[in-house]
Amino acid sequence: MTTSTVTAPLQVQPVALRRGYRFELVKLAAQARLRLVLLACLLAPAVYTAVISRQTSLPADALYGRWMNQSGWAGSLVILVFMGTSVLPLLTSVVAGDVFAVEDRLGTWRHLLVAVRSPRRIFLSKALAALTVTIALLAALVVSSIAGGLISIGAHPLPGLDGHLMGSGELTRTVLLTWLTIVPPTLAFSAVGLLGSVALGRSPLGLLVPVAFALVLEGVALMPVPVALRVALPTNAFITYRGLLTTPGQLESLWIGLTVSLTWAALATYLAYRLFMRRDFTDLAYNGAGRRFVVAGLAPLVGLVALTTGAVAAVTGGTGSGIERPKLEAALATSFAHLYVLQTRELNRPAITEGQLGATAHCDKGGDRVEDRGPGADWRCVVTWTLPGATATGTAIYQLDVAADGKYVADGDGPKEVNGFFQIRTPTGDAPNPLWQFDGFVDLLHNEQKGSP
Amino acid sequence: MHSTAVRARGLTKTFGDVIALDGVDVDIAAGQIHGLVGPNGAGKTTLLGLLLGLAMPDDGTLEIWEVRVGRALSGSARVAGFVDGPGLYPTLTARQNLAAIASLRGEAAAGVDELLDRVGLRDVATDRVGGFSLGMRQRLGLAAALLGQPQLLILDEPANGLDPAGKRQVHRVLTEVADAGATVILSSHRMDDLAALCDEVTLLAEGRVVFSGPVRKLAAESGELDYRLITSDPEGARRAADGAPGLSPVASRTSPSRADDPALVVHGSEAAIDDLVVRLVTSGIAIRELGPVVPPLEAAFLALTGADLDATTVEEESAR
């Protein structure tokens with residue numbers, strides 16, 4: 001035997017990415033758990049919207065919950081509220097959080113490496129397959145929530161968050177866009193799921209990483225943190241769609257949210273990739289790398305939050321809570337004007353425009369001893385307007401519960417002719433009084449509220 | 001066609017402080033079934049892993065068909081097999097597992113049913129692998145490895161969990177593969193698995209090669225053995241054995257639990273046993289049973305690997 005014939009090291013072409021991707025999809029599609037999740041995504045929103053829309057007690061705490069029996073579009077928007085807080089992080093846990101860990105549980109890494117011959121392509125195949133399935137589940141949620149509402153209630157108009165009435169065409173466009181805006185944060189949580197799955201192996205902790213992240217970030221968002229930190233969190237991107245529900249759109253938070261989400265998605269995917277490529281697949285006893293996850297996974301993401309918070313603060317100057325009296329007054333006056341016009345139309349009174357009303361609001365938080373800024377349920381506002389040809393000025397009182405994320409609920413406190421009754425008597429029968437109780441939101445980043453009539 | 005399928009020179013692989021392979025030299029001829037045997041932790045799986053390209057040696061060279069394996073996962077596409085289990089997906093059926101792997105490798109799925117038939121799993125082709133026994137998984141893993149007709153097949157403990165019929169089936173398939181010109185390298189910690197199948201074996205102990213060559217040559221390494229003898233006159237046989245040159249009774253190696261066992265165990269060479277047989281027959285003592293306590297291959301294995309022969313003998317006796 002001789003070694004004289006030895007040639008240069010052989011470089012075998014690894015398996016093509018599309019074949020690896022298809023292989024991963026086949027494996028994911030074969031999981032009974034994922035089939036059940038897909039079925040739930042297809043049925044649950046439709047059933048929920050169809051059933052709740054016909055109840056007398058509506059989920060008024062959720063944005064557009066009080067409108068579920070008025071317009072089929074409201075159901076989809078209510079489902080959207082639940083997405084960021086629980087559903088999508090859970091879905092990304094089930095899909096992306098398990099896509100690498102499953103090979104550890106089954107002991108199939110060596111088999112896969114021998115077949116594919118490229119860890120890089122394995123990573124890409126798995127990441128793309130997980131992303132595909134997550135998007136498919138999200139699409140099922142969109143279709144189901146819209147179909148359930150439209151079939152059971154119909155495509156009736158719905159007021160935006162500034163009170164302006166949105167017709168069917170605008171609603172179709174807006175509702176689809178709102179769902180589209182939660183794709184980037186979903187990608188961010190998917191990437192976090194990949195990171196947990198790669199770093200923690202067969203440990204169940206890996207599966208829980210996206211949900212744990214979501215809970216922690218939601219906890220942070222519930223606290224009165226500076227607006228720069230709030231909008232720098234990827235969870236905030238789940239609610240920035242609210243800016244699409246006003247005219248003109250309040251898009252600054254939306255763009256920041258999308259940028260933050262995509263940055264998170266890119267960084268978390270890169271961190272997962274780096275951890276994956278450094279893994280020793282010959283170590284059968286590998287049971288995750290908790291310490292490495294903290295150092296090489298968690299720490300850079302915390303650093304990203306600090307970096308983006310600093311950048312947002314520098315660009316927008318948003319260091320406070322973002323909820324200030326002038327902004328709240330402008331938002332409330334705008335919504336009131338739009339809804340007053342709607343009420344006038346429903347009552348078949350002489351037509352009037354928002355401009356003619358000239359509505360203004362004066363708000364106070366907790367009396368003289370409390371500074372008029374920040375979230376709280378102790379805001380009290382007086383809205384003033386003037387009808388054309390009338391000498392007297394109309395006033396209405398509202399108690400406002402303003403959340404830290406800028407959403408508020410305005411609860412009418414009289415006079416009863418304007419906002420005192422739950423329903424109004426229209427020529428076609430009783431209908432909900434749009435001025436009795438309504439939702440709105442304050443753009444936390446803007447110093448002056450847009451969209452004033 | 002290359003005459004040498006695998007050539008390893010000075011292969012060394014460590015995992016932390018553990019030396020898994022320590023300067024291993026091996027030559028494996030093309031077209032043969034070659035067994036890797038050794039006690040647990042001898043380095044068999046590590047060597048198979050290097051052959052599959054799952055890791056790179058810390059030192060030494062490894063050539064497959066005279067082409068040096070330069071980096072991890074850069075081995076030939078014609079190398080297939082498994083280490084540490086066959087790597088199957090329990091949510092897929094047997095057929096889906098094979099079809100998915102065939103698709104992954106860019107091969108036609110047309111031969112899937114034929115392969116299932118070959119390993120005796122055609123009847124359960126549509127059953128989920130999650131419900132398969134270990135033996136069925138091993139056979140399906142073999143079928144998966146055979147996709148694409150590899151020229152070098154590497155199998156780690158392929159006989160694990162197989163019943164006698166399954167073992168015969170796997171042996172038949174591997175023999176057919178070798179007859180078709182492919183090289184098969186398989187590991188086992190049981191000599192009897194390999195003796196019936198392999199042309200040559202490499203015996204590893206603590207990361208080193210202690211023997212490499214034909215199976216018959218390994219059997220010759222066994223030297224003196226313990227033989228178990230049952231006769232019509234145990235006392236007469238004992239007296240004959242005491243006076244026989246080159247033989248010594250081995251009372252201590254019989255099982256304590258079988259104190260009433262009429263068997264006589266003696267230690268000596270094959271020639272000395274022949275001489276004892278002649279003496280017994282001449283003395284009119286009938287021989288009812290005679291055989292090595294530990295088969296020659298296993299004895300060679302135990303001798304070369306330094307395993308505890310006494311403990312093994314007691315276990316074997318107890319099992320009878």
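Naming convention: chains lettered A, B, ... in sequence-line order (proteins, then strands); numbering from 1 in each chain. What you are looking at is a predicted structure, and each value in this text was computed from that prediction instead of being measured.
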Practice item. Could you walk me through whether A:Thr108 and B:Leu88 pass side-chain contact (heavy atoms from CB on, under 4.5 Å), step by step? Key: CA-CA 7 Å; A:Thr108 42; B:Leu88 301 163; 5.9 Å; no
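- Under 3.5 Å, the side chains of A:Arg19 and B:Ser103 contain no donor-acceptor pair of N or O atoms.
- Between A:Arg110 and the choices B:Thr45, B:Leu52, B:Leu48, the side-chain contact (heavy atoms from CB on, under 4.5 Å) rule is met once, by B:Thr45.
- Counting heavy-atom neighbours within 6.0 Å of A:Leu262 CG, excluding the residue itself, gives a total above 12.
- Put simply, CZ on A:Arg117 and CZ on B:Arg105 are 8.5 Å apart, with the number rounded to the nearest 0.5 Å.
- Proximity to chain A (any heavy atom under 4.5 Å) is shown, for B:Leu147, by neither the backbone nor the side chain.
- At most 12 non-hydrogen atoms from other residues, nucleotides or ligands lie less than 6.0 angstrom from CD of B:Glu206.
- Closest approach of B:Ile101 to A:Phe23, counting heavy atoms only: N-CE1, 4.1 Å.
- In this structure, the side chains of B:Tyr89 and A:His111 come closer than 4.5 Å at one or more pairs of heavy atoms.
- Of the options B:Leu92, B:Leu104, B:Thr91, a side-chain contact (heavy atoms from CB on, under 4.5 Å) to A:Val26 is made by B:Leu92 and by none of the others.
- By a heavy-atom distance cut of under 4.5 Å, not one residue of residues 131-142 of chain B is near chain A.
- With a 4.5 angstrom heavy-atom cutoff, A:Arg35 touches chain B only via side-chain atoms.
- Listed here is the closest heavy atom pair of B:Arg128 and A:Ala30: NH1-O, 4.1 Å.
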